Protein chains: 4
Amino acid sequence: MSRGKKSTSRLGRPPATDSADTRRTILDVARAAFADRGFEVTTNREIATEAGITPAALYHYFPSKLDLFVAVHHDTQERVLARFIQAIEDVSGFVPRLEAILDESHRMNNEDPSLARFLGAVRVDVARHPEFEMALQVDQAAMDTFFRSIVDQGVETGDVDRSRRALVLSFVATTLTGLTTGQSASDRQHALAVEAIKAAVRGDLVARLPHA
Amino acid sequence: MSRGKKSTSRLGRPPATDSADTRRTILDVARAAFADRGFEVTTNREIATEAGITPAALYHYFPSKLDLFVAVHHDTQERVLARFIQAIEDVSGFVPRLEAILDESHRMNNEDPSLARFLGAVRVDVARHPEFEMALQVDQAAMDTFFRSIVDQGVETGDVDRSRRALVLSFVATTLTGLTTGQSASDRQHALAVEAIKAAVRGDLVARLPHA
Amino acid sequence: MSRGKKSTSRLGRPPATDSADTRRTILDVARAAFADRGFEVTTNREIATEAGITPAALYHYFPSKLDLFVAVHHDTQERVLARFIQAIEDVSGFVPRLEAILDESHRMNNEDPSLARFLGAVRVDVARHPEFEMALQVDQAAMDTFFRSIVDQGVETGDVDRSRRALVLSFVATTLTGLTTGQSASDRQHALAVEAIKAAVRGDLVARLPHA
Amino acid sequence: MSRGKKSTSRLGRPPATDSADTRRTILDVARAAFADRGFEVTTNREIATEAGITPAALYHYFPSKLDLFVAVHHDTQERVLARFIQAIEDVSGFVPRLEAILDESHRMNNEDPSLARFLGAVRVDVARHPEFEMALQVDQAAMDTFFRSIVDQGVETGDVDRSRRALVLSFVATTLTGLTTGQSASDRQHALAVEAIKAAVRGDLVARLPHA
DNA sequence: TATGAATGAGCCTTCATTCAT
DNA sequence: GATGAATGAAGGCTCATTCAT
């Protein structure tokens, strides 16, 4: 992620740098930092250093720390959503689709754990900084809409009972929050959690009520 | 929340009680603050003001902000665990017990939402402050042990397939994290999420796979 | 102005200090600094150092740099106005009163040049920071009222022609601005300027129009 | 204020003229900015943006912000002085000349208020930045010399009493400082102040001392 | 037990300036 | 002649913490 030569940087424009590259690097580095340590604890200096620049240079790309956070959120949300959409493209039926999403989720967590972790962290940071809500709600809404549509299609195809629409939606939200917030540390842990959710959705997590 | 007037009479309650009161107040106030805003964003001044004292006075009760946080964690964990233990006392069978825990969880969220919210927030704060890990792991372990024992008993009674022990444990962890982190804002939302988890555990969240 | 022992200060409350004293010192030191260098150029660190404390300690007394500035303005305005009022107490007639004010002005400039210089500097800083206007206007109004009343009394006693009320007021304002902004550096220069204004008011600055 | 489109034809105005235009624009824009907000508060970016270029481009015309300020001062002083000199060309006698200067001053304030305001602001900025003193003193001296010569001629023609030379000079300085610093905001206010000064010089600002 | 005065470290941000292009 | 990317220095302010009282 960093710029290679560490302390050789001097005043003025550095030779042979691409602005877009630097922006991308900042976004990636910041996502990881925000995911790991949250908005408050992450400092501009940390992000900058990891991106191979100075804190002041950050302001060349983003007008403030909050704006950077919002940009990271937008970027991440967009990427994750694109993957989800692509994952269910050739899949039909509610349960298969949810499973496809969970699998894709696991695949992404494998490639770059900071994606899911960041999205999990956002929930917390938003709760702690009510000002964020407004700035992020546009992106947030896109994801909500996606899941709503999955469930709604399940209702239409008969997979999900109409009366259980809200229930299922709540389950998806709760479960995905738990997955991103608590279980994305190790690959094995994440895989296990994904399998557990799948089993629960299929209805065979525990033995078929032997008490009844 | 604020402390009563100090009695000037020589007889009566010993001063020690006053001190214990203040400590209790600080703990309660701090739990709410940490739950709402997290460790970083919450300032000593806020806690102190809400407890009716000055920031400096905090240091008579806890040697540092971190120690206060740990104390709050210990206190909260203890109280929640006690409620959980009591909730399953007269219940047998894995699913009924899990349901009892979920119900108790909902009841507690109703009485004092800061309990669950704090426990949800801890997970995040610990991840963000590696120093916390060591200090909290003793308390954390107690809760883990509790859930492990629930599942293990389920295995023994045959409710939980032995091969699925880890899976079920992961499900409980994921699900409870999601519940405390994401769904404890409104009572209705929390109730719905609890019902959703119960349905999933019972295996009738969605229609019995018509595709199969 | 400063606290004596320079680098002996350590953490915690310093022994034997009076809060009111420190506040007074800050006010005095800040007045001089703002007068000399203006609001922008003066740093909290400079003020603090000259007052024998750290920049952070400033915030124990004033919530922000702007509030400190406003407090200095209030304090200075109050002191100067009190002196002016006292100076004209036993004097009657417009010209004698204006002369009394000019003399008092000179005396004050001699005792503590920062008083007048600060008031001169304020005009500039307000023009440069429109946000200040609101904060200072209450104090400003008191001084304006004072001068207006002097002129108005002159009108009543017949010293000032009713039709020239605005003209005289403008002269006083222009002249006093010039005095505080431009001529308060050296005592001799200030004295000369005061005499010049007096002569102009008396009408014998230059020879009685020999051209006419 | 903005620069015309660069002509791409090989014939026509040499590029040097374009450059001179830009320089002129910068000077004008900077004068207004420095006059309004002073040296400190005005940023290179503001000046550049208003001149239609980038901050870095400023450095092709002036080696530093301070040099730009000095250049603006030189330019402004020169222009104002030229107008003053021209204003008194056909006028003789001290009072008439001073009145001519005041009138011209008012006319200039009407045409471009930034001229007078800048000169008023300089006094303050110089006091706040001792480094300026040396750089500006050459220009400053020209203006001083001009006023000195006016007064000296008054002495020679008998309009000004020889013993009052310094007094009159001080009056002119005080009064002009007050005019530029405090009264150049509105045209009406400026006009009134000019009339007030004239009246004072003529000796009929207030009624002829009835107390004497 | 509690307060009030103070510190030191650190944060976000701004700004004049530099240099490769 | 001009831009865009970057730096280093500094500034206002906040905060956990300390210590005399």
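By convention in this document, chain letters (A, B, ...) are assigned in the order of the sequence lines, proteins followed by strands, and residues within each chain are numbered from 1. Given the structure is predicted, the values throughout are model-derived calculations rather than measurements.
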Next item on the list: May I ask you to decide if A:Ile47's main-chain N or O and A:Glu50's side chain share a donor-acceptor pair within less than 3.5 Å?
Entry: no

Next item on the list: Starting at atom CZ of B:Arg45, determine the distance to atom P of E:dT3, rounded to an integer number of angstrom.
Entry: 11 Å

Margin query: Going by purine N1 to pyrimidine N3 plus the second Watson-Crick contact, or the G-U wobble pair, all under 3.5 Å, which nucleotide sits opposite F:dG12?
Written below: E:dC11

Margin query: Would you say B:Tyr61 places a side-chain N or O within less than 4.0 Å of OP1 or OP2 belonging to E:dA2?
Written below: yes

Note to self: Whether the side chain of C:Glu133 engages the backbone of C:Pro130 through a donor-acceptor N/O pair (distance < 3.5 Å, no angle test) should be reported.
What the structure shows: no

Margin query: I'd like to know if the side chain of D:Asp125 and the backbone of D:Phe39 have a donor-acceptor N/O pair within less than 3.5 Å.
Written below: yes

Note to self: Taking only side-chain N and O atoms of A:Thr22, does any of them lie within less than 4.0 angstrom of OP1 or OP2 on F:dA6?
What the structure shows: yes

Margin query: Strictly distance-based, threshold 3.5 Å: is any side-chain N or O of A:Lys65 a donor or acceptor partner for the main-chain N or O of A:Thr42?
Written below: yes

Notebook entry, point to check: When the nearest nucleotide of DNA chain E is assigned to C:His60 and to A:Pro55 on a heavy-atom basis, which residue is associated with the more 5' position?
Noted result: C:His60

Checklist line | Earlier contact from the 5' end, DNA chain F, for C:Pro63 and A:Ala20 | finding: A:Ala20

Check: Do any side-chain nitrogens or oxygens of A:Ser19 fall under 4.0 Å of OP1 or OP2 in F:dA5?
Finding: yes

Check: Any luck finding a side-chain donor-acceptor pair between B:Ser64 and B:Asp67 under 3.5 Å?
Finding: yes

Check: What nucleotide, of E:dG8, E:dT13, F:dT7, holds the atom closest to the side chain of A:Lys65?
Finding: E:dT13

Next item on the list: Check the distance between E:dT3's P and B:Leu58's CG and give it to me in whole angstrom.
Entry: 10 Å

Note to self: Nearest whole Å is fine: how far is F:dC13 P from C:Phe69 CZ?
What the structure shows: 14 Å

Next item on the list: Return the 5'-most residue of the pair B:Phe39, C:Thr43 with respect to DNA chain F, ranking by each residue's nearest nucleotide.
Entry: C:Thr43

Margin query: Quick check on DNA chain E: between A:Ala56 and B:Ala57, whose nearest nucleotide comes earlier from the 5' end?
Written below: B:Ala57

Checklist line | Pairing nucleotide - E:dA20, Watson-Crick or G-U, each distance under 3.5 Å | finding: F:dT3

Checklist line | Side chain of C:Ser64 (C-beta onward), nearest among F:dC13, E:dT13, E:dC19 | finding: F:dC13

Next item on the list: Starting at atom CG of B:Asn44, determine the distance to atom P of F:dT17, rounded to an integer number of angstrom.
Entry: 6 Å

